[in-house]
Amino acid sequence: MKAKRKMKKNVIFGTLAVVVIAGAGGYYVYAQDEQAKLDSKIQEAQQLVLYNELATGEKAKELQKYLNKEGQKVPLKNLRANFKDVNIDSLLNEAKKEIQETEKNELTKQKESLTKISTDLTNAEKDKNFPKEKSEDITKFKDLSGTFEKNQDPVGLNLAVNELKTISGQATTYIAEKTEKQKQQEAQIAAEKKKQEEKAQAEQKQKEADAAQIAAAAESGDYPSLGMYRGDLPNGGGVIAFEIASQGPAYEASLPNASSNWDNGSVIVAIDGKKVDSAILGAESMESVMKQLKLGQRVEIEYKDGTKKTVTLDTTYNQAKQFSYRDFPDAGSSTSTNLYFGVSGYSVGKQHDNKEIGLYITDIYSNSSASSSDLKVGDIICRMGQYWINDTQDIQRVLTHYSSYDSIEVDYIDTNGNLKTTDVTLKTKN
């Protein structure tokens with residue numbers, strides 16, 4: 001049984017560097033395991049049937065009914081009740097089978113259409129009045145059809161075949177009429193081209209305006225914030241959230257909190273497709289990435305374990321600075337203890353400009369508390385109990401709150417850069 005003492009406030013960070021960019025105090029409480037599994041199945045069902053053109057079968061429609069017409073805009077917590085008395089696994093599997101059967105039928109139908117339209121186009125190209133400029137488009141969409149057919153993609157094949165049908169119709173009209181009507185059609189094409197060019201110019205102007213707005217926001221502090229305390233993992237391993245405010249984007253999107261969930265699912269490695277390796281330093285820092293984003297934008301947060309979360313960036317850095325946070329537990333200043341943890345090492349922060357966390361283990365002594373645990377040389381201890389660790393003095397301070405044979409939870413980073421947790425039974429030196 002773990003022995004935990006009342007923890008003080010106003011933590012002493014030592015050389016632990018934490019960047020405050022958002023958040024009001026409070027904890028994020030994770031759902032139980034079964035609820036998480038149900039949420040995962042609901043999300044899988046959303047991806048399968050809500051926006052799938054081939055989700056037309058009875059089971060797929062039934063699944064759509066449980067997901068509500070608002071689809072992914074409905075919070076997961078509001079959808080769980082819909083599946084209270086539903087075997088979602090069975091329904092999901094049956095919907096998959098339906099869609100697979102529909103895909104098979106669509107492929108057969110589109111293959112037949114492709115054969116017919118290819119024959120029609122071959123015959124049309126033999127005509128002396130055939131518009132030769134269409135040949136390149138025909139080759140392109142025939143190649144696309146072959147690719148979609150090879151990949152067993154009925155939706156893509158349908159689009160490619162429809163494009164070939166469109167080309168065939170245009171060619172037939174051109175050959176048959178060769179009149180003023182054809183000239184009008186060419187004029188319409190030119191007008192559409194001009195329209196697209198004007199649209200492209202307008203989009204370019206908008207991009208330039210957005211870029212200017214983003215640059216101004218980055219300068220003034222009105223760029224987006226997630227609303228969290230941030231800290232760096234060693235060696236550019238990503239960014240963790242020490243605490244998440246009870247308001248702001250991170251809270252609204254239920255982003256993981258490393259203070260209560262120490263694993264790779266709490267390590268941010270990319271935002272909006274852009275790599276993140278630190279909190280504030282370097283071109284690939286979270287700070288740099290956030291300054292390239294527009295307020296109000298929806299972006300995807302990617303974690304070290306491959307999971308992703310979508311967040312709406314509706315809070316500025318200036319706003320986030322006004323949020324309040326809970327105090328971190330303070331181990332105090334005393335280092336007097338007869339407990340023998342038994343490791344030596346160096347502060348990662350001191351070795352890397354004081355911007356990272358943890359104690360790098362260079363040696364584990366025999367007959368010590370650590371020698372009987374999962375810890376190994378090369379691991380980096382980041383937290384013991386509820387106390388963040390940066391050097392061996394921090395360990396000594398933490399041990400003053402424990403007794404011999406107490407068990408203490410140690411959060412660390414292994415030699416492969418993965419977040420791990422182990423229990424260590426404390427003992428005195430022989």
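Remark: Lys61 does not engage Glu98 in a salt bridge, criterion side-chain N to carboxylate O under 4.0 Å. Salt bridge status for Arg397 with Asp394: present, with a side-chain N to carboxylate O gap under 4.0 Å. Checked for salt-bridge contact, Glu208 and Lys205 miss the test: no charged N lies under 4.0 Å from a carboxylate O. A salt bridge links Lys294 with Asp210; the closest basic N to acidic carboxylate O contact falls under 4.0 Å.
Asp330 places no side-chain N or O within 3.5 Å of a backbone atom of Tyr387 that could act as its donor or acceptor partner. Ser40 contributes no side-chain N or O that, together with a main-chain N or O of Ala36, makes up a donor-acceptor pair within less than 3.5 Å. Using modelled atom types, no side-chain atom of Ser168 and backbone atom of Lys165 make a donor-acceptor pair closer than 3.5 Å. Using a distance-only test at 3.5 Å, with no hydrogens or angles considered, a donor-acceptor pair links the side chain of Gln292 to the main chain of Ser288. Panel note: side chain Asn264, backbone Asn418; no donor-acceptor pair is recorded below 3.5 Å. Remark: the backbone N or O of Lys274 is not paired with any side-chain donor or acceptor of Asp272 at under 3.5 angstrom. With hydrogens and angles disregarded, no donor-acceptor distance shorter than 3.5 Å links the side chain of Glu136 to the backbone of Glu133. Judged purely by atom type and a 3.5 angstrom limit, Ser368 has no side-chain atom pairing as donor or acceptor with the backbone of Tyr340. No donor-acceptor pair closer than 3.5 Å links the side chain of Asn261 to the backbone N or O of Ala258. At distances below 3.5 Å, at least one donor-acceptor pair connects side-chain atoms of Thr122 with backbone N or O atoms of Ser118.
Aromatic ring centres of Tyr412 and Trp262 lie farther apart than the 6.0 Å criterion allows.
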Tabulate below the donor-acceptor pairs under 3.5 Å that side-chain atoms of residues 108-115 make, not counting sequence neighbours, or state none.
unit_1, atom_1, unit_2, atom_2, d
Thr108, OG1, Lys104, O, 3.1
Lys109, NZ, Glu106, OE2, 3.1
Gln110, NE2, Asn158, OD1, 3.1
Ser113, OG, Lys109, O, 3.2
Thr115, OG1, Lys111, O, 3.1

Check against side chain to side chain contact (heavy atoms under 4.5 Å, CB included), Lys376 and Ile361: CA-CA 7 Å; Lys376 296 179 177 61; Ile361 300 175; over 6 Å; no
message: Apply side chain to side chain contact (heavy atoms under 4.5 Å, CB included) to residues Asn82 and Leu67 and explain how you reach the verdict.
response: CA-CA 8 Å; Asn82 296 351; Leu67 294 172; over 6 Å; no
task: Apply the test side chain to side chain contact (heavy atoms under 4.5 Å, CB included) to residues Phe83 and Leu38: give CA-CA distance (whole Å), side-chain angles for both, the deciding distance (0.1 Å), then the verdict.
output: CA-CA 9 Å; Phe83 292 90; Leu38 175 58; 4.2 Å; yes
Thr307 vs Asp305, side chain to side chain donor-acceptor pair (under 3.5 Å): CA-CA, chis, key distance, verdict: CA-CA 6 Å; Thr307 58; Asp305 68 350; 2.7 Å; yes
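Under the 3.5 Å distance criterion, with hydrogens and angles disregarded, a donor-acceptor pair is assigned to the side chains of Ser220 and Asp222. A donor and an acceptor atom, one from each side chain of Ser407 and Tyr402, are nowhere located under 3.5 Å apart. Donor-acceptor pairing under 3.5 Å is recorded for the side chains of Gln170 and Lys134. Using a 3.5 Å distance cut-off with no hydrogens or angles, the side chains of Gln196 and Glu192 do pair a donor with an acceptor. Defined by atom type and a distance below 3.5 Å, a donor-acceptor pair is missing between the side-chain atoms of Asn338 and Thr428. Counted by atom type alone, Tyr51 and Gln46 present zero donor-acceptor pairs between their side chains at under 3.5 Å. Counting only N and O atoms by type, the side chains of Thr312 and Arg298 include a donor and acceptor under 3.5 Å apart.
By the salt bridge (Lys or Arg N to Asp or Glu O under 4.0 Å) test, Asp89 is found to be paired with Lys41, residues two or more places apart in sequence or in another chain being considered.
Nearest approach of Asn367 to Lys427, heavy atoms of both residues: O-CE, 3.3 Å.
For the pair Trp388/Val398, no side-chain contact is recorded, criterion being any heavy-atom separation below 4.5 Å from C-beta on. A heavy-atom distance below 4.5 Å is not found between the side chains of Glu219 and Ile214.
When each of Thr415, Val343, Leu359 is tested with Asp379 by the rule side-chain contact (heavy atoms from CB on, under 4.5 Å), just one qualifies, namely Thr415.
Applying the 6.0 Å contact sphere to CD of Gln152 captures more than 12 heavy atoms from other residues, nucleotides or ligands.
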